[in-house]
Amino acid sequence: MTYHPKSEFLRVMLARGFVADCTDYQALDEALLKGAMPAYIGFDATATSLHVGSLIQIMMLRWLQKTGGKPIVLMGGGTTKVGDPSFRAEERPLLTDAQIDSNIEGIKRAFSPYVRFGDGASDAVMVNNAQWLDDLNYLSFLRDIGRYFSVNRMLSFESVKSRLDREQSLSFLEFNYMILQAYDFLELHRRYGCMLQMGGSDQWGNIVNGVDLTRRVVEGEVFGLTSPLLTTSDGKKMGKSAGGAIWLNGDMLPPYEFWQFWRNTTDADVERFLKLYTELPLDECARLGALQGSEINAAKIVLANEVTTLLHGADAAMAAEATAKSVFEQGGVGEELTTITVTFDQLSEGISTAALFVQAGLAASGKDAKRLFADGGAKVNDIVETAPRLIGEDELRNGIKLTAGKKRHALVKLG
């Protein structure tokens with residue numbers, strides 16, 4: 001990208017690697033210079049927390065606010081009832097209204113550390129699209145909005161085309177998703193003067209639809225901006241680990257485990273992640289990312305501390321680093337390690353070490369745990385064990401330490 005923006009927000013987005021594509025760089029840049037631009041990103045309520053795969057979008061909203069813009073966090077209370085088909089092999093399971101409402105309450109907690117909510121010009125607002133989608137009149141919606149959409153064009157979008165090319169079913173319910181998302185942009189423009197929709201690059205087709213619809217209906221200038229879909233340098237999807245999703249809510253993933261995820265970043269990803277997920281100056285990101293050999297570990301600790309501080313606070317980051325030092329350098333167990341409790345009832349016939357690894361989040365399933373043992377990656381009290389075995393009350397009385405690979409640990413206590 002050779003465009004050199006004048007607006008601070010677009011400068012930050014391009015310099016730090018947040019941008020995959022934009023509907024019109026120059027026009028967006030000029031619009032940003034005119035004042036506090038309202039911009040939104042939508043989040044469907046499919047779980048009770050977001051995971052780090054969504055953190056790039058949250059950081060975009062944070063930078064928008066820091067540079068004078070107004071973030072709009074759109075909760076998909078309505079669109080979650082339909083399900084986004086983008087690049088999915090099958091239809092999402094349908095959730096009840098109660099499940100969706102519960103998920104939204106959980107997701108809300110992830111945003112307060114990153115953006116400031118309030119009534120000011122650049123204060124963020126959180127909106128639920130169920131406000132306008134739940135009570136739509138179907139025939140009126142088809143007449144007023146549906147006429148702007150070409151089925152031929154909708155079928156050409158890669159997110160839909162890839163599904164059809166594999167001859168996988170795409171329900172009419174899912175096919176409506178892109179129309180509803182486009183309508184969200186129009187409603188947010190009418191209600192809040194929203195000028196920009198942002199999202200991952202898998203949302204490009206949906207975002208372009210929203211831009212086109214809003215331009216046609218209100219005859220105004222609006223924009224779309226996408227971020228790259230991130231994978232780690234070893235090809236893994238961002239937000240996942242061997243033990244499952246890296247959740248943002250502390251009640252679903254302890255701060256230590258969150259810290260450890262970033263500490264385990266591969267060498268090749270350090271500079272890129274520092275630019276995206278911290279607010280360190282770019283020259284410092286480059287300096288840390290260029291470290292070689294064992295020195296790169298210091299950069300990973302900086303990354304883990306900075307990202308954890310943003311979400312959980314400085315005290316949690318310091319405690320996580322202290323625990324890591326205790327576990328790795330001094331052979332201790334650390335107070336912040338994930339701890340699970342086994343009851344006496346569970347021990348009547350003993351409990352499998354494979355089940356403990358799953359319960360502690362060190363393995364995704366029993367099959368995954370058995371594979372970990374077979375590969376020599378499982379330790380119980382720092383001793384490699386190549387097959388699961390039963391553990392009884394006597395062994396658990398003083399607690400045991402589980403280790404998966406070299407860097408992931410948990411404690412098991414008797415309760």
Side-chain angles (χ1 to χ4, degrees), residues 7-13 16 18 28 31-45 48-52 54-80 100-134 181 184-199 210 214 218 220 222-225 227 247-251 255 276-279 306-317:
S7 64
E8 186 181 3
F9 176 67
L10 203 51
R11 270 204 314 272
V12 170
M13 289 296 96
R16 299 187 81 95
F18 282 96
L28 172 59
L32 284 162
L33 291 171
K34 294 177 181 177
M37 175 182 287
Y40 92 97
I41 300 178
F43 300 87
D44 277 345
T48 54
S49 171
L50 299 175
H51 59 62
V52 297
S54 297
L55 193 51
I56 186 170
Q57 276 81 47
I58 296 175
M59 289 299 292
M60 291 172 82
L61 291 174
R62 180 176 174 85
W63 279 112
L64 176 75
Q65 187 170 60
K66 285 171 70 72
T67 56
K70 185 179 183 67
I72 299 173
V73 179
L74 181 67
M75 301 307 303
T79 43
T80 301
I100 292 171
D101 290 342
S102 175
N103 288 348
I104 288 175
E105 286 303 311
I107 290 171
K108 282 179 180 178
R109 300 203 305 272
F111 287 93
S112 56
Y114 293 97
V115 294
R116 179 188 69 255
F117 290 92
D119 300 321
S122 62
D123 285 345
V125 294
M126 182 171 282
V127 187
N128 187 339
N129 64 13
Q131 292 176 19
W132 53 84
L133 294 182
D134 276 2
Q181 184 170 324
D184 283 344
F185 198 173
L186 175 60
E187 279 294 322
L188 290 172
H189 182 77
R190 286 169 168 167
R191 294 170 184 237
Y192 298 95
C194 185
M195 299 283 292
L196 171 66
Q197 181 185 358
M198 301 184 289
T214 306
V218 302
V222 293
F223 310 95
L225 182 73
S227 61
W247 301 107
L248 300 183
N249 287 14
D251 59 340
L276 290 170
Y277 300 112
T278 81
E279 295 174 342
E306 292 288 326
V307 181
T308 304
T309 295
L310 279 176
L311 178 60
H312 294 296
D315 289 346

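No hydrogens, no waters, no symmetry mates; every other heavy atom, side chains included, goes into these values.
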Test: Glu8 and Arg11 ion pair at under 4.0 Å: no
Side-chain donor or acceptor of His312 paired with backbone N/O of Pro255 under 3.5 Å: no
Shortest non-hydrogen contact between Leu10 and Ser7, atoms and distance: CB-OG, 3.3 Å
Test item: Val73 and Val127 side chains (from C-beta on) under 4.5 Å apart, heavy atoms: no
Are Tyr40 and Phe185 near enough that their ring centres are under 6.0 Å apart? yes
Scan side-chain atoms only and decide if Asn103 and Thr48 contain a donor-acceptor pair under the 3.5 Å cut-off. no
Rounding to 0.5 Å, atoms OG1 (Thr308) and CD (Glu306) come to a distance of 9.5 Å
Any donor and acceptor pair, going by atom type alone, linking the side chain of Lys70 with main-chain N or O of Ala36 inside 3.5 Å? no
Regarding Ser122 and Arg116, is there a side-chain donor-to-acceptor distance under 3.5 Å anywhere? yes
With rounding to the nearest 0.5 angstrom, report the CZ to CG distance, Phe43 to Leu50. 6.0 Å
Answer yes or no: is there a side-chain heavy-atom contact under 4.5 Å between Ile107 and Met75? yes
Does Arg16 use its side chain to pair, donor to acceptor, with the backbone of Thr278 at less than 3.5 Å? yes
Separation of Gln131 CD from Arg191 CZ (nearest 0.5 Å): 6.0 Å
What's the separation between atom CZ in Phe223 and atom CG in Leu196, rounded to the nearest 0.5 Å? 8.0 Å
N/O donor-acceptor pair under 3.5 Å between Asp134 side chain and Gly78 backbone: no
Judged by atom type as modelled, is there a donor-acceptor pair below 3.5 Å linking the side chain of Thr80 to the main-chain atoms of Ala45? yes
Report yes if the side chains of Gln65 and Leu61 come closer than 4.5 Å at any heavy-atom pair, otherwise no. no
Without swapping roles, check the side chain of Asp123 against the backbone of Phe117 for a donor-acceptor pair under 3.5 Å. no
Going by heavy atoms in the side chains, are Thr79 and Leu133 under 4.5 Å from each other? yes
Does Ile58 form a side chain to side chain contact (heavy atoms under 4.5 Å, CB included) with Trp63? I'd like the steps, not just the answer. CA-CA 9 Å; Ile58 296 175; Trp63 279 112; over 6 Å; no
Heavy-atom distance under 4.5 Å between the side chains of Leu186 and Trp132, does that happen here? no
Verify whether one side chain among Ser227 and Gln57 offers a donor that lies under 3.5 Å from an acceptor in the other. yes
Keeping the roles fixed (side chain from Asn128, backbone from Gly77), state whether a donor-acceptor pair exists under 3.5 Å. yes
Assess whether side chain to side chain contact (heavy atoms under 4.5 Å, CB included) is satisfied between Asp251 and Arg109, documenting all intermediate values. CA-CA 11 Å; Asp251 59 340; Arg109 300 203 305 272; 2.9 Å; yes
Closest contact, heavy atoms only, Arg62 versus Pro113: NH1-O, 3.6 Å
Quick one: CE on Met60 to CG on Leu276, what's the gap to the nearest 0.5 Å? 10.0 Å
Inter-residue atom distance Leu188.CG - Met195.CE, 0.5 Å rounding: 13.5 Å
Considering all heavy atoms of both residues, which atom of Leu310 and which atom of Tyr277 are nearest to each other, and what is their separation? CD1-O, 3.6 Å
Is there side-chain contact between Val52 and Trp247, with heavy atoms separated by less than 4.5 Å? no
Leu248 versus Leu311, closest heavy-atom pair with distance: O-CD2, 3.3 Å
With a 4.5 Å heavy-atom cut-off, do Leu74 and Met126 have their side chains touching? no
